[in-house]
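One structure is given below, encoded as structure tokens.
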Amino acid sequence: MTRKLLISPSILSADFSDLGKEIEAIDEAGADMIHIDVMDGHYVPNLTIGPMVVKAIRSRTSKPFDVHLMISPVDYLIDPFIKAGADYISIHPDAGPHTHRTLQAIKAGGAKAGIVLNPGTHPDVVDTLIEELDLILVMSVNPGFGGQSFIHSQLNKIRILADKIKSSGRDIILEVDGGVNPDTAQLCIDSGATALVAGSAVFKGQGNYKENILALRKKNTK
Ligand code: DX5
Ligand code: ZN
């Protein structure tokens, strides 16, 4: 099944001193979803956003919140993030003891569920979870920071996962996160990605967000 390419700007690269305005600006610039990177200083060596901040920015856009949880343990924060306004919640399979149960909890709370594969994670991890999934997120950098370089070996994994989604017959978004710029975006799409997260490539240059988002799409529509 073909779906529209979704662009999900990562607010990790936004100006945190003016977060509300930044959200409005990327909404206006054509973002399809808003990617929110939640880091706990434990699962990854960086500390970012909690449910209170998600709740505070919820009123600034009606676009779906695509919440990427890089936290361990993860279960106790599922409900607070759903209550704060998360639409998609993606978890790392090694973040909690019972991944399948966590995915079910996300769905029981009314959000859509995603699984995140680090560069070192084998694609077969989705095989026993696929019935629960609305989204698969392939990390093309090691999680923790924005502005890193795209790891090209992940392209083959994107292809494998696109095949798995196709054979499942399910409507699952295949999203790529890390080092996505207009050039690597093209490689991701060619490999079967249907959604792209981009932080530095969207937020670079004051006020150029529309142009930056278009640049990610343009190469992919030729
Ligand atoms: C990394 C985060 C990414 C990051 C992407 O752990 O999951 O979402 O913000 O940033 P760029 O696009 O700058 O690589
Ligand atoms: Zn992310």
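These figures come from a predicted structure and were not determined experimentally. Atoms within a ligand are numbered from 1 in the order they appear, just like the ligands themselves. Note that the numbering runs from 1 along the sequence shown for the chain.
Atoms of ligand 1 found under 4.0 Å from any heavy atom of V197 (numbered from 1 in listed order, with element): 8 (O). Below 4.0 Å from some heavy atom of A198 lie the following atoms of ligand 1, by number and element: 12 (O). Close approach of ligand 1 to H68 is summarised as follows: ligand atoms under 4.0 Å from at least one heavy atom of the residue are 7 (O). Listed by number with element, the atoms of ligand 1 under 4.0 angstrom from any heavy atom of M39 are 6 (O). Residue-ligand proximity, H35 to ligand 1, at heavy-atom distances under 4.0 Å covers atoms 8 (O). Counting the atoms of ligand 1 from 1 in the order shown, those under 4.0 Å from a heavy atom of P143 are 6 (O).
When only interatomic distances are considered, the shortest N/O to N/O separation between S200 and ligand 1 falls below 3.5 Å. Considering both main-chain and side-chain atoms, N142 never comes within under 3.5 Å of ligand 1 through any nitrogen or oxygen pair. Considering backbone and side-chain atoms alike, G179 places an N or O below 3.5 Å from some N or O of ligand 1. Considering backbone and side-chain N/O of M70, none are found under 3.5 Å from N/O of ligand 1. Annotation: G147 places an N or O atom under 3.5 Å from an N or O atom of ligand 1; distance criterion only.
Distances from the Zn ion (ligand 2) to the N/O/S atoms of H35 are shortest for NE2. Nearest to the Zn ion (ligand 2), among the N, O or S atoms that D37 has, is OD1. Nearest N/O/S atom of D177 with respect to the Zn ion (ligand 2) is recorded as OD2. For H68, the N, O or S atom closest to the Zn ion (ligand 2) goes by the atom name ND1.
Of all protein heavy atoms, the one lying nearest to atom 6 (O) of ligand 1 is G144 N, 2.8 Å. In this structure, the protein non-hydrogen atom closest to atom 10 (O) of ligand 1 is G146 CA, 3.5 Å. For atom 12 (O) of ligand 1, the closest heavy atom belonging to the protein is G199 N, 2.7 Å. Regarding atom 3 (C) of ligand 1, its nearest protein heavy-atom neighbour is D177 OD1, 2.9 Å. Considering only non-hydrogen protein atoms, atom 1 (C) of ligand 1 sits nearest to F145 O, 3.5 Å.
The environment of K21 atom NZ is sparse: at most 12 non-hydrogen atoms of other residues, nucleotides or ligands sit within 6.0 angstrom. Atom CD of E24 has more than 12 heavy atoms from other residues, nucleotides or ligands within 6.0 Å. With a 6.0 Å radius and a threshold of 12 heavy atoms from other residues, nucleotides or ligands, K112 has its NZ atom at or below the threshold.
Taking 4.5 Å as the limit, some side-chain heavy atom of I36 sits within range of a side-chain heavy atom of I57.
Checked for salt-bridge contact, R58 and D87 meet the test: a charged N lies under 4.0 Å from a carboxylate O. Salt bridge present: D32 and K4 bring a charged side-chain N and a carboxylate O closer than 4.0 Å. With respect to the salt-bridge test (charged N to carboxylate O, under 4.0 angstrom), the residues D127 and K164 qualify.
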Margin query: Between Q154 and K157, is the side-chain hydrogen bond (donor to acceptor under 3.5 Å, both in side chains) condition met? List the steps.
Written below: CA-CA 5 Å; Q154 299 309 300; K157 194 195 282 181; 2.9 Å; yes
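Looking only at atom types and distance, the side chain of D75 has a donor-acceptor partner in the side chain of T102 under 3.5 Å away.
Within the structure, ligand 1 has G178 among the residues with a heavy atom less than 4.0 angstrom away.
Taking the six-membered ring for Trp, Y209 and F203 have ring centres closer than 6.0 Å.
With D66 as the partner, the side chain to side chain donor-acceptor pair (under 3.5 Å) test is satisfied by one option alone out of S8, S90, S10: S8.
Using a 4.0 Å cut-off between heavy atoms, S10 contacts ligand 1 through its side chain alone, with no backbone atom that close.
A continuous path of hydrophobic side-chain contacts links V38 to F16 [ILVMFWY only; heavy atoms under 4.5 Å].
Scanning both residues, V180 and A201, for their nearest heavy atoms gives O-CB, 3.2 Å.
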